[in-house]
Engineer: 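This is the structure I have questions about; it appears just below.
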2 protein chains.
Amino acid sequence: MVHDNRAFSEVLDRLREAGLRPTRQRMALCKLLFEKGDCHVSAENLHAEAKSAGIKVSLATVYNTLHQFTDVGLLRQVVVDNSRSYFDTNVTDHHHFFVEADGHLVDIPAEAIDIGKLPKTPPGTNVDRVDVIVRVSPSRRK
Amino acid sequence: MVHDNRAFSEVLDRLREAGLRPTRQRMALCKLLFEKGDCHVSAENLHAEAKSAGIKVSLATVYNTLHQFTDVGLLRQVVVDNSRSYFDTNVTDHHHFFVEADGHLVDIPAEAIDIGKLPKTPPGTNVDRVDVIVRVSPSRRK
DNA sequence: AGAAAATATTAGAATTGTTCTAATATTTCA
DNA sequence: TGAAATATTAGAACAATTCTAATATTTTCT
């Protein structure tokens with residue numbers, strides 16, 4: 001089997017830099033995740049995508065991989081719905097619209113929301129991150 | 001058994017207004033939830049509190065009640081952690097600090113955070129609510 | 001390259017938080 | 001009070017996720 005060497009080595013480097021062995025499964029998931037621009041996936045979701053792309057990978061590995069990628073900063077976890085976890089390939093500072101009706105996320109660039117001020121944090125704590133979730137729903141037809 | 005008639009009738013009214021029958025369990029949970037100021041509870045958590053307060057109520061009823069109270073606007077659900085649901089007795093407009101280390105929430109008054117502007121919502125949608133979650137963690141000791 | 005050590009993957013079992021079911025109990029109201 | 005409406009319950013079912021421990025792959029060492 002032949003593959004695109006440019007894409008291949010980019011993905012390979014990405015994993016190597018992160019200190020993760022470039023295994024067949026990780027490479028494949030990496031390509032699925034990063035070769036088509038920003039996206040938000042759930043584990044089941046990515047597992048299904050992998051399957052339909054002909055990649056043989058277990059659900060356990062998908063979970064492992066998503067967590068490892070998150071740990072090394074390749075992904076960011078977004079909490080919007082407590083029945084499912086979403087992972088975002090956009091790890092830069094930004095926020096989200098969440099369309100509750102269909103459980104789908106849309107990025108909001110950091111500069112589109114401007115948080116004027118923050119109150120002081122509870123004693124003995126520091127801010128890790130500020131998440132803004134704008135929950136929207138389909139507008140009723142006029 | 002005797003009870004405080006003032007508190008009793010307040011709770012009773014609250015349920016009546018919401019169109020919920022004032023059953024023994026709902027009254028008891030209502031008192032636990034609202035008689036001690038703003039608080040954030042999970043179902044398991046409230047169930048345990050009820051048990052230790054000597055209230056006999058099943059976990060299923062705790063879940064039912066939390067959802068019913070949420071539906072009628074007595075509670076608000078807060079999504080910060082996808083392993084557990086939190087319900088907030090403060091239903092006014094406000095935000096949260098979330099201390100990830102111990103999974104605990106602290107209210108931030110609405111006016112303490114000022115969201116300068118919001119980008120336009122995805123086509124065909126309206127904003128339901130804007131949730132700001134400031135994730136904090138214990139600061140490392142100097 | 002070949003062998004040993006280190007790390008990954010996997011299927012399926014286990015766990016967790018939550019929801020469902022359907023039988024029983026309580027509450028309402030005429 | 002008694003029929004109809006609504007609640008509660010124990011336990012089963014469920015869905016997402018994590019764990020287990022056996023097997024496979026990858027890396028390292030010589």
Side-chain angles (χ1 to χ4, degrees), chain A residues 1 8-9 11-32 40-51 54-72 74-75 77-87 103, chain B residues 1 8-9 11-32 40-51 54-72 74-75 77-87 103:
Chain A
M1 194 197 289
F8 180 82
S9 69
V11 170
L12 199 145
D13 290 349
R14 211 192 261 265
L15 290 177
R16 279 255 152 76
E17 269 162 37
L20 292 171
R21 288 183 176 178
T23 63
R24 191 152 26 76
Q25 292 80 340
R26 290 208 271 236
M27 295 286 284
L29 294 176
C30 204
K31 293 180 81 167
L32 275 185
H40 305 94
V41 296
S42 68
E44 292 282 359
N45 193 322
L46 180 60
H47 185 231
E49 266 188 69
K51 176 172 290 180
I55 297 159
K56 200 168 155 297
V57 60
S58 71
L59 181 57
T61 294
V62 172
Y63 275 104
N64 289 340
T65 303
L66 288 172
H67 288 137
Q68 290 153 351
F69 282 14
T70 302
D71 291 346
V72 302
L74 289 175
L75 291 176
Q77 198 162 359
V78 186
V79 180
V80 279
D81 172 338
N82 55 11
S83 72
R84 186 193 285 1
S85 276
Y86 290 90
F87 294 84
Chain B
M1 195 199 285
F8 179 80
S9 69
V11 170
L12 199 145
D13 289 349
R14 212 193 261 264
L15 290 177
R16 278 255 152 76
E17 268 161 40
L20 292 171
R21 288 182 177 180
T23 64
R24 190 154 27 73
Q25 291 81 341
R26 290 209 271 237
M27 295 288 283
L29 294 176
C30 203
K31 294 181 79 167
L32 275 185
H40 305 94
V41 296
S42 67
E44 293 281 358
N45 193 323
L46 180 60
H47 185 230
E49 264 188 69
K51 177 172 289 180
I55 296 158
K56 199 167 154 301
V57 60
S58 71
L59 182 57
T61 295
V62 171
Y63 274 103
N64 289 341
T65 303
L66 287 172
H67 288 138
Q68 290 152 351
F69 283 15
T70 301
D71 291 346
V72 302
L74 289 175
L75 291 176
Q77 198 162 358
V78 186
V79 181
V80 279
D81 174 339
N82 55 8
S83 72
R84 185 193 289 358
S85 277
Y86 290 88
F87 294 84

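Each chain gets a letter, A, B and so on, in the order the sequences are listed, and its residues count up from 1. Everything numeric here is computed off the predicted structure, so don't read it as measured data.
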Engineer: Verify the contact: side-chain N or O of B:Arg16 to OP1 or OP2 of C:dT28, cut-off strictly under 4.0 Å; return yes or no.
Structural biologist: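 The answer is yes; a side-chain N or O of B:Arg16 sits under 4.0 Å from OP1 or OP2.
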Engineer: If I take atom CG in residue A:Asp81 and atom C1' in nucleotide C:dT18, what distance separates them, rounded to the nearest angstrom?
Structural biologist: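 Distance check: A:Asp81 CG to C:dT18 C1' gives 13 Å.
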Engineer: Is there a donor-acceptor pair closer than 3.5 Å between any side-chain N or O of A:Tyr86 and the backbone N or O of A:Gly103?
Structural biologist: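 Pair found, side chain donor or acceptor close to backbone of A:Gly103.
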Engineer: Do A:Phe69 and A:Leu20 come within less than 4.5 Å of each other through their side chains, counting heavy atoms only?
Structural biologist: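 Yes, at least one pair of side-chain atoms sits under 4.5 Å.
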Engineer: What is the distance from NZ of A:Lys56 to C1' of D:dT23, rounded to the nearest Å?
Structural biologist: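 Computing the A:Lys56:NZ to D:dT23:C1' distance gives 12 Å.
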Engineer: Would you please confirm or rule out a distance under 4.0 Å between OP1 or OP2 of D:dT9 and any side-chain N or O of B:Thr61?
Structural biologist: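 For B:Thr61, the contact criterion (side-chain N or O under 4.0 Å from OP1 or OP2 of D:dT9) is met.
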Engineer: Expressed as a whole number of angstroms, how long is the span from B:Lys51:NZ to D:dT8:P?
Structural biologist: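 Those two atoms, NZ and P, are 17 Å apart.
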Engineer: Quick test of your reading: applying side chain to side chain donor-acceptor pair (under 3.5 Å), list the pairs with at least one residue in residues 17-26 of chain A, sequence neighbours left out, ordered by first then second residue.
Structural biologist: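 Matches after skipping sequence neighbours: A:Arg26-A:Gln68.
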Engineer: Please examine the side chains of A:Val79 and B:Val79, heavy atoms only from C-beta on, and report whether any two atoms are closer than 4.5 Å.
Structural biologist: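 Side-chain contact under 4.5 Å: yes.
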Engineer: Nucleotides 11-21 of chain D: which of its N/O atoms have a protein N/O under 3.5 Å away?
Structural biologist:
| unit_1 | atom_1 | unit_2 | atom_2 | d |
| --- | --- | --- | --- | --- |
| D:dA16 | OP1 | A:Arg84 | NH1 | 3.2 |
| D:dT17 | OP1 | A:Ser85 | N | 2.8 |
| D:dT17 | OP1 | A:Ser85 | OG | 3.3 |
| D:dT17 | OP2 | A:Tyr63 | OH | 2.4 |
| D:dT17 | O5' | A:Tyr63 | OH | 3.2 |

Engineer: Report yes if the side chains of A:Arg84 and A:Asn45 come closer than 4.5 Å at any heavy-atom pair, otherwise no.
Structural biologist: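 Counting from C-beta outward, A:Arg84 and A:Asn45 never come under 4.5 Å.
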Engineer: Any residue in residues 17-25 of chain A with a heavy atom nearer than 4.0 angstrom to DNA chain C? Just list them by number, or reply none.
Structural biologist: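 Hits under 4.0 Å, by residue number: A:Arg21, A:Thr23, A:Gln25.
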Engineer: B:His47: what forms a ring-ring contact (aromatic ring centres under 6.0 Å, His included) with it, not counting sequence neighbours?
Structural biologist: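 Per chain and number, B:His47 pairs via ring-ring contact (aromatic ring centres under 6.0 Å, His included) with no residue.
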Engineer: Could you state the CE-P distance from A:Met27 to D:dT25, rounded to the nearest angstrom?
Structural biologist: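 Rounded to the whole Å, the gap is 17 Å.
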Engineer: Excluding sequence neighbours, so at least two apart, what forms ring-ring contact (aromatic ring centres under 6.0 Å, His included) with B:Phe87?
Structural biologist: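 B:Phe87: ring-ring contact (aromatic ring centres under 6.0 Å, His included) contacts with B:His67.
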Engineer: How would you list, by chain and number, every residue that makes a salt bridge (charged side-chain N to carboxylate O under 4.0 Å, His left out) with A:Glu44, sequence neighbours excluded?
Structural biologist: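 Not a single residue meets the salt bridge (charged side-chain N to carboxylate O under 4.0 Å, His left out) criterion with A:Glu44.
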